[in-house]
Amino acid sequence: MADHTSVRAGARRPQRYLPMQILLGFLVIYFLVPFWWVIVNSSKDAPGLFGGGNTLWFTDQIDYLGNLRQLFTYDGGIYLRWILNSTLYAIAGGVGATVLAVMAGYGFAKYRFAARRFSFAVVLGALMVPATALVIPTFIMFSRLGLTNTVWAVILPSLLNPFGVYLMHVYARDAVPDELLDAARVDGAGEVRTFIQIALPLMRPAVVTVLLLSAVASWNNYFLPLAMLSDNRLFPVTVGLGLWQGIASANNAGTTSLWSLIILGSLVSVIPLIIAFFSLQRHWRGGLSVGGLR
């Protein structure tokens with residue numbers, strides 16, 4: 001009788017999660033439909049985009065290669081320049097912000113120094129300030145230093161990541177045992193060696209998370225480079241596509257349909273982020289395994 005009851009209970013258990021599964025399925029569709037729209041409409045030319053057909057399905061003429069050729073050759077290949085600029089900003093800003101966040105977060109978590117609580121409170125307060133509110137003061141400061149319309153005007157502000165510092169502080173506090181650090185110091189290891197060989201491997205999942213978030217934020221940054229840069233050869237891909245959108249809205253592109261290039265350019269600009277995510281995913285798993293074994 002007990003076995004029969006347990007079987008019936010096990011049969012009813014999946015039904016409890018049915019509303020949640022329906023909700024998750026709806027959310028998956030909700031987030032994937034815009035991406036599918038970009039994939040479909042990247043294959044169309046101007047008549048296919050504005051011909052009144054089904055916007056969520058392909059037309060009879062699919063020409064990804066032709067659209068890609070036009071995308072990378074339009075205006076002297078400026079789109080490739082924008083992609084390279086975004087890559088530079090994402091790598092420099094992401095790596096730099098991660099290095100600073102790791103060192104600051106580890107320092108707040110494992111060292112006791114004067115004004116530690118006040119300094120960390122300032123970092124937490126910086127989390128509450130919208131990034132867009134800092135663009136104008138940053139522009140004025142960089143203008144006085146003569147750094148506007150340079151790559152440094154985009155890279156240097158991207159190095160500050162208060163959320164990354166907070167995340168590294170929380171993770172280092174819980175994932176790096178103080179006893180392990182004390183044992184390394186007793187064995188004669190210096191602070192730098194203790195950090196690199198003991199603490200850093202245990203912090204790998206958080207490091208990769210901060211690196212990915214910082215790189216994605218730098219890649220998707222729009223308002224800061226829009227305010228800082230005036231030379232379109234220094235634009236990242238986000239600002240460049242915004243420039244094309246303004247030209248297309250004003251119908252100043254001549255015989256070229258910029259809308260097809262804008263949609264395809266948006267799709268191409270997402271691909272590096274997808275590659276970065278799947279490339280770094282294995283480090284999450286590896287880092288978690290290292291932390292569990294130690």
Taking the side chain as every heavy atom from C-beta outward, state whether [X] and [Y] have any atom pair closer than 4.5 Å.
X: L56; Y: V40; result: no
X: I39; Y: Y64; result: yes
X: L68; Y: L264; result: yes
X: V123; Y: S119; result: no
X: M168; Y: V207; result: yes
X: S269; Y: W219; result: yes
X: W244; Y: I78; result: yes
X: D45; Y: D63; result: no

- Message: Before you tell me yes or no, could you show the steps for N161 and V210 under side-chain contact (heavy atoms from CB on, under 4.5 Å), namely the whole-Å CA-CA distance, both residues' side-chain angles and the distance that decides it to 0.1 Å?
- Response: CA-CA 9 Å; N161 187 356; V210 173; 4.2 Å; yes
Compare every heavy atom of [Y] with every heavy atom of [X], then report the nearest pair and how far apart it is.
X: A104; Y: V165; result: CB-CG1, 3.9 Å
X: P236; Y: N85; result: CA-CB, 4.4 Å
X: A90; Y: A215; result: CB-O, 3.7 Å
X: L211; Y: T98; result: CA-OG1, 3.1 Å
X: N67; Y: K44; result: ND2-O, 3.3 Å
X: I62; Y: S43; result: CG2-CB, 3.6 Å

Linking I/L/V/M/F/W/Y whenever any side-chain heavy atoms sit under 4.5 Å apart, do [X] and [Y] land together?
X: W37; Y: L32; result: no
X: V38; Y: I274; result: yes
X: I271; Y: F35; result: no
X: L160; Y: L124; result: no
X: I155; Y: L134; result: no

Heavy atoms of other groups near [X] [atom1], more than 12 under 6.0 Å:
X: F235; atom1: CZ; result: yes
X: R193; atom1: CZ; result: no
X: R233; atom1: CZ; result: no
X: R116; atom1: CZ; result: yes
X: F278; atom1: CZ; result: no
X: E191; atom1: CD; result: yes

Calculate, to the nearest 0.5 Å, the distance between atoms [atom1] and [atom2] belonging to [X] and [Y] respectively.
X: T194; Y: D182; atom1: OG1; atom2: CG; answer: 9.5 Å
X: R69; Y: T73; atom1: CZ; atom2: OG1; answer: 8.0 Å
X: Y89; Y: N221; atom1: OH; atom2: CG; answer: 10.5 Å
X: T59; Y: N41; atom1: OG1; atom2: CG; answer: 9.0 Å
X: W36; Y: W57; atom1: CH2; atom2: CH2; answer: 5.0 Å
X: L224; Y: F139; atom1: CG; atom2: CZ; answer: 11.0 Å

- Task: Could you please spell out the steps behind the side-chain contact (heavy atoms from CB on, under 4.5 Å) verdict for T209 and L280?
- Result: CA-CA 9 Å; T209 301; L280 295 175; over 6 Å; no
- Message: Working note: F113 + F108, criterion side-chain contact (heavy atoms from CB on, under 4.5 Å); need CA distance, chi angles, decisive distance, verdict.
- Response: CA-CA 9 Å; F113 52 89; F108 280 123; 3.8 Å; yes
- Item | From CA spacing to verdict: side-chain contact (heavy atoms from CB on, under 4.5 Å), I247, L258 | CA-CA 8 Å; I247 296 175; L258 283 182; 3.6 Å; yes
- Item | Geometric class of the Y111/Y106 ring pair [parallel <30°, tilted 30-60°, perpendicular >60°] | perpendicular
- Could you label the plane-to-plane angle of the F72 and Y79 rings as parallel, tilted or perpendicular, counting under 30° as parallel and over 60° as perpendicular? perpendicular
- Task: Using the salt bridge (charged side-chain N to carboxylate O under 4.0 Å, His left out) rule, collect all pairs that involve residues 91-110, keeping only residues at least two apart or in two chains.
- Result: K110-D178
- Message: Using modelled atom types and a 3.5 Å cut-off, is there a donor and acceptor pairing between side-chain atoms of S86 and backbone atoms of V237?
- Response: yes
- Return yes if some donor-acceptor pair links the side-chain N/O of W152 with the main-chain N/O of P157 below 3.5 Å, else return no. no
